[in-house]
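Presented below is the structure to which this report refers.
The first residue of the sequence shown is numbered 1, and numbering continues consecutively from there. Values reported hereafter were calculated over all heavy atoms of this structure, with side chains retained and with hydrogens, waters and symmetry mates removed.
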Amino acid sequence: MDRFAAMEIFIRVVDSGSFSSVARERGVGQPAVSKQISALEAELGTELLHRNTRSIALTEAGRDFYQAAQRILEDFESATSHIGRGQTAPRGLIRVSVQASFARLHLITKLAAFFERYPEIAIEFGCSDSPSTLIEDGFDLALHSGHLPDSGLVARRFAQTRIVLVATPQIVMRHGIPKTLDDLRAFPAIPRIESGAVRPWDFDAGRSSSEPLRVVPNGVFRTGDYEQLRMGVLEHLGIAQAPAWLFAAELREGTVLRLLTSYERTVPISAVRPAGRRAPARVRALTDYLEETFALCTQFNPATAELAAAD
């Protein structure tokens, strides 16, 4: 039995709460994962997990071993990264939860240089329901636009974006230009849906309040998918609120217009991971690269862009 591989599998099973999700991650059958855990328990001479058909739970010995195994693997990875002939390059698979539209528009184009720098790292993109469930969903990292209330996560900001109100010139010609937030009630909107409910539009209240101003949009087309939201705007179905990165090309070309710009908010774009443990070298390599690469993109540093425009 490969003890290090068995410890890695054990930690992933505990983190995800599922044998099947770890099996999917590794491209093996669930019995293979169960066999590794059983072999580890036999090696240690004690039960690590209570299993039933619906859930798993750590035994007292399992809790002690989980903490010890994390320290062992972190120390081993740190040692192999810094000892030997110079430095050993990070390696392994990173599973990243990311909005499909953000990956398509702004991330995949930056990966070639990353793989050239780190040829032994592989990246798999997927989508988690929420950053707070990234462990259960089997992800190492989540890329998230906006603030994170969950204290069980560590967020490292690598970019910023404006939250903008957008519409096509055709919509503006048909309905006019809104001058106030109250005017929005007379405009067709494309609301975003979260957990079955319409998500309100939040706007910067300026110095008058630390709390955002809020408008509940209404429209005949609503969606929970950013790509569908984007296409709804481009097909002149209404006004929408979205991160500026979703319409970067159209805003440059003038095929989409920003409205009520004085109410725009700036939010961070962060690489999010679970707290309470050291990030693997491969994950640190990716977050370092994101910070380095996006620092060169003016659109992801709106305050810097505004200063440059003022000069």
Test item: I11 and Q70 side chains (from C-beta on) under 4.5 Å apart, heavy atoms: yes
Is there a path from V283 to F115 through hydrophobic residues (I, L, V, M, F, W, Y) whose side chains come within less than 4.5 Å of each other? yes
Is the closest side-chain heavy-atom distance between I190 and V233 below 4.5 Å? yes
Any side-chain heavy-atom pair of T59 and L49 under 4.5 Å: no
Could you tell me whether the side chain of L141 reaches within less than 4.5 Å of the side chain of L286, counting heavy atoms only? yes
For E250 and T255, which I'm curious about, is there any donor-acceptor pair between the side chains at under 3.5 Å? no
What I'd like to find out is whether the side chain of Q241 reaches to under 4.5 Å of the side chain of I163, using heavy atoms alone. yes
For the CD atom of Q30 and the OG atom of S21, what is their distance to the nearest 0.5 Å? 9.0 Å
Any side-chain heavy atom of L259 sitting closer than 4.5 Å to one from V166? no
Answer yes or no: does atom CG of N218 have more than 12 heavy-atom neighbours from other residues, nucleotides or ligands under 6.0 Å? no
Could you tell me how the ring of F102 sits relative to the ring of F294: parallel (under 30°), tilted (30 to 60°) or perpendicular (over 60°)? parallel
Side chain to side chain contact (heavy atoms under 4.5 Å, CB included) for L153 and R273? Distances and angles first, verdict last. CA-CA 6 Å; L153 299 169; R273 63 176 181 82; over 6 Å; no
Given side chains that start at C-beta, do those of M7 and I72 come closer than 4.5 Å, heavy atoms only? yes
Under 3.5 Å side-chain donor-acceptor pair for R192 and Y226: yes
Can you hop from V28 to I37 via hydrophobic side chains spaced under 4.5 Å? yes
Hey, is the main chain of T180 close enough, under 3.5 Å, to the side chain of D183 for a donor-acceptor pair? yes
I'd like to know whether R214 forms a salt bridge (charged side-chain N to carboxylate O under 4.0 Å, His left out) with D202, so could you lay out the CA-CA distance, the side-chain angles of the two residues, the decisive distance to 0.1 Å, and finally the verdict. CA-CA 5 Å; R214 181 161 287 186; D202 287 341; 2.7 Å; yes
Please tell me whether T168 and H236 have a donor and an acceptor in their side chains that are separated by less than 3.5 angstrom. yes
Do K110 and Y289 form a cation-pi contact, if we require the NZ or CZ to be under 6.0 Å from the six-membered ring centre and within 45 degrees of the ring's axis? no
Starting from the C-alpha separation in whole Å, work towards a yes-or-no answer on side-chain hydrogen bond (donor to acceptor under 3.5 Å, both in side chains) for R162 and T266. CA-CA 4 Å; R162 291 283 198 197; T266 299; 2.6 Å; yes
Using 0.5 Å steps for rounding, measure from the CZ atom of F187 to the NE2 atom of H175. 7.5 Å
Applying the side-chain contact (heavy atoms from CB on, under 4.5 Å) test to I123, which of V96, L107, I108, L93 qualifies? V96
So, for F10 and G62, which heavy atoms are closest and what is the spacing to 0.1 Å? CZ-O, 3.8 Å
Value for NE2 (H50) from CD (E60), rounded to nearest 0.5 Å, stands at 9.5 Å
Can you tell me if CZ on R104 sees more than 12 non-hydrogen neighbours from other groups inside 6.0 Å? yes
Joint cluster assignment, L165 & V216, ILVMFWY side-chain distance < 4.5 Å: no
Tested for side-chain contact (heavy atoms from CB on, under 4.5 Å) against L246, the lone hit among R230, H106, Q99 is R230
Note: P178 and L260 closest approach over all heavy atoms is O-CD2, 3.4 Å
CD-CD distance between Q299 and Q160, expressed to the nearest 0.5 angstrom: 12.5 Å
Run the numbers on E264 and R258 for salt bridge (charged side-chain N to carboxylate O under 4.0 Å, His left out), then give the verdict. CA-CA 10 Å; E264 291 177 358; R258 288 164 60 184; 2.6 Å; yes
Looking at every non-hydrogen atom in both residues, tell me the closest pair between L251 and L257 and how far apart they are. CD2-C, 4.2 Å
Would you call the rings of F203 and W201 parallel, tilted or perpendicular, where under 30° means parallel and over 60° means perpendicular? perpendicular
Does atom CD (E253) have a neighbourhood of more than 12 heavy atoms from anything else shown, all under 6.0 Å? yes
Output yes when E41 and R51 qualify as a salt bridge under the 4.0 Å nitrogen-oxygen rule, no when they do not. yes
Is there a side-chain contact between T46 and F65, using heavy atoms and a 4.5 Å cut-off? no
R156 versus T287, side-chain donor and acceptor atoms under 3.5 Å: yes
What about W245 and F300, are their ring centers closer than 6.0 Å? no
Mind listing the closest non-hydrogen atom pair of I171 and L237 along with its distance? CD1-C, 4.4 Å
L40 and Q36: side chain to side chain contact (heavy atoms under 4.5 Å, CB included), yes or no, with the steps? CA-CA 6 Å; L40 186 59; Q36 284 271 28; over 6 Å; no
E292 CD to F114 CZ distance, which is reported to the nearest 0.5 Å: 10.5 Å
Same apolar cluster: V256 and F221, side chain cutoff 4.5 Å: yes
Let's go through I193 and T223 carefully: what are the C-alpha distance in whole Å and the side-chain angles of both, what is the deciding distance for side chain to side chain contact (heavy atoms under 4.5 Å, CB included) to 0.1 Å, and is it a yes or a no? CA-CA 5 Å; I193 303 297; T223 178; 5.9 Å; no
Carboxylate-amine/guanidinium proximity below 4.0 Å for E120 and R282: no
What pair of heavy atoms forms the shortest contact from P217 to V215, and how long is it? CD-O, 3.4 Å
Any chain of hydrophobic side-chain contacts (each under 4.5 Å) joining V172 to L181? yes
Restricting to non-hydrogen atoms, name the atom on A155 and the atom on V272 that form the minimum distance, rounded to 0.1 Å. CB-CG2, 4.2 Å
Measuring from atom CG of D2 to atom CD1 of I9, what distance do you get when rounded to the nearest 0.5 angstrom? 8.5 Å
